[in-house]
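Down below is the structure, laid out as structure tokens.
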Amino acid sequence: MFTGIVERVGRIVRTAPQGDGLRILVETGAPRFADVAIGDSIAVSGCCLTVVAIDDTRLAFDVSAESLRCTSGLDAAGDVNLERALRLSDRLGGHLMTGHVDGIGVVAGFAAVPGDAYGSWRLDVDAPPAIARFIAAKGSVAVCGVSLTVNEVAGTRFAVNLIPHTLAVTTLRALAPGSRVNLEIDLIARYVARLA
């Protein structure tokens, strides 16, 4: 389980074929990840992956063909959000997440909020129709592993507000219209829909 509170932005520095997928090497640049061990789960841009090798500040993960099919941004060099798995003693600052990406959204708009001296930005995302029905105003959604509160929903499009801190400590600052983003819907919405 994860919370969507990104601990660090890492960078995929190498990819290589591995089985039916890829082995990726992520530079964490962080001694705070020193307590990570082989077999641990790490959310990499929202996708739960297992550490298979450690080399100083670099972590290796095997990404299956299925994971590559239903995610974005794990198949090439680039920045990624990193979060270690939740411990029972941790604070739950975001919302409960599994690290199982439900679909890939496309950024429809990303711009500073007009007249907001604080520096907030509005992010509009088009979600796949199959998961859009699970996204509700004032509910939670994870975008590339970042826990966010939904401000508006219109059809398959939803909007969130990004505060300056979120922009500073995540990869979301680099988004632009047309960017593809990993989406995970709220666990509660998933189970309510199943029971209904």
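Note that CH2 of Trp121 and CG of Asp116 are 11.5 Å apart. Values are rounded to the nearest 0.5 Å. Here CD1 of Ile135 is found 11.0 Å from OG of Ser140. Values are rounded to the nearest 0.5 Å.
Val52 has its side chain within reach of Arg23: a pair of non-hydrogen atoms, C-beta onward, lies under 4.5 Å apart. In this structure, the side chains of Val181 and Val107 come closer than 4.5 Å at one or more pairs of heavy atoms. The closest side-chain heavy-atom distance from Val6 to Leu82 is not below 4.5 Å. Contact of the Val150 side chain with the Phe158 side chain is registered, since non-hydrogen atoms from C-beta on lie closer than 4.5 Å. Using a 4.5 Å heavy-atom cutoff, the side chains of Ile38 and Ile54 are in contact. A heavy-atom distance below 4.5 Å is not found between the side chains of Val80 and Val9. Proximity of Glu184 to Thr98: side-chain heavy atoms (C-beta onward) are separated by under 4.5 Å at one or more points.
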Trace of the side-chain contact (heavy atoms from CB on, under 4.5 Å) decision for Leu148 with Leu172: CA-CA 11 Å; Leu148 298 168; Leu172 300 185; 4.1 Å; yes
Full working for side-chain contact (heavy atoms from CB on, under 4.5 Å) between Val63 and Leu49: CA-CA 7 Å; Val63 187; Leu49 298 175; 4.0 Å; yes
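No hydrogens or angles considered: a donor-acceptor pair under 3.5 Å links the side chains of Thr171 and Asn81.
One finds a salt bridge joining Arg122 and Asp124 here, because a Lys/Arg side-chain nitrogen approaches an Asp/Glu carboxylate oxygen to under 4.0 Å. A salt bridge links Arg58 to Glu27: one of the charged nitrogens lies within less than 4.0 Å of a carboxylate oxygen.
Here the options are Thr3, Val44, Ile42, the test is side-chain contact (heavy atoms from CB on, under 4.5 Å), and the partner is Glu83; only Thr3 passes.
Taking the side-chain hydrogen bond (donor to acceptor under 3.5 Å, both in side chains) definition, one finds that Arg173 meets it with nothing, sequence neighbours left out.
In this structure, Cys47 and Thr71 approach most closely via the heavy-atom pair SG-CG2, 4.1 Å.
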